[in-house]
**Student:** 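Here it is, the structure, as structure tokens.
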Amino acid sequence: MLNLSEVMMEHHDLNNFEDLVEVIKHKAQTSGERFFRMDVRPSYPDTPENWEDRLEAAFY
């Protein structure tokens, strides 16, 4: 299972939500994980209200 908190800790250099979306897409393609847990809310200033939907779409 891929946890959002782990991704954010691994990539603490990300500056915005769009960069996080790209990392999630890459992780989904390369990690082999089948499940994604959004256990924290991204704290970027540009995090949209529908952040969960956006990250879920990026993962799947």
Side-chain angles (χ1 to χ4, degrees):
M1 177 172 293
L2 182 65
N3 290 309
L4 180 57
S5 60
E6 292 175 9
V7 172
M8 292 178 67
M9 286 176 30
E10 289 174 11
H11 298 277
H12 61 274
D13 57 332
L14 298 176
N15 295 318
N16 58 53
F17 184 79
E18 291 305 319
D19 290 345
L20 177 61
V21 169
E22 293 304 315
V23 168
I24 295 296
K25 285 180 185 177
H26 183 274
K27 285 279 195 182
Q29 295 170 352
T30 61
S31 71
E33 296 290 347
R34 295 182 56 194
F35 300 102
F36 178 47
R37 184 185 330 178
M38 291 171 270
D39 54 341
V40 294
R41 184 185 195 281
S43 59
Y44 307 111
D46 65 337
T47 300
E49 290 295 319
N50 65 341
W51 65 272
E52 292 167 308
D53 294 336
R54 298 266 317 272
L55 292 180
E56 186 175 358
F59 183 76
Y60 294 107

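Just so you know, these numbers come straight off a predicted model, no measurement behind them.
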**Student:** Only counting residues at least two apart or in another chain, list the ones meeting side chain to side chain contact (heavy atoms under 4.5 Å, CB included) with Met9.
**Tutor:**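 Met9 satisfies side chain to side chain contact (heavy atoms under 4.5 Å, CB included) with no other residue.
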**Student:** With clusters built from Ile, Leu, Val, Met, Phe, Trp and Tyr whose side-chain heavy atoms come within less than 4.5 Å, directly or transitively, what are the remaining members of the cluster of Met38, listed by chain and number?
**Tutor:** Leu2, Leu4, Val7, Met8, Leu14, Phe17, Leu20, Val21, Val23, Ile24, Phe36, Val40, Tyr44, Trp51, Leu55, Phe59, Tyr60
**Student:** For residues Ala58 and Ala28, report the shortest heavy-atom separation together with the two atoms involved.
**Tutor:**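 Ala58 and Ala28 have their closest heavy atoms at O-CB, 4.3 Å.
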**Student:** Please enumerate all residues that pass side chain to side chain contact (heavy atoms under 4.5 Å, CB included) together with Asp53, with sequence neighbours excluded.
**Tutor:**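 Asp53 satisfies side chain to side chain contact (heavy atoms under 4.5 Å, CB included) with Asn50 only.
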**Student:** Show every side-chain hydrogen bond (donor to acceptor under 3.5 Å, both in side chains) that has at least one partner inside residues 27-39, sequence neighbours left out.
**Tutor:**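 For residues 27-39: Asn3-Arg37, Ser5-Asp39, Glu10-Lys27.
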**Student:** Can you list the residues that meet the salt bridge (charged side-chain N to carboxylate O under 4.0 Å, His left out) rule with Glu22, with sequence neighbours excluded?
**Tutor:**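 Here the qualifying residues are Lys25.
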**Student:** Using the side chain to side chain donor-acceptor pair (under 3.5 Å) criterion, which residues pair with Glu18? Sequence neighbours excluded.
**Tutor:** Arg54
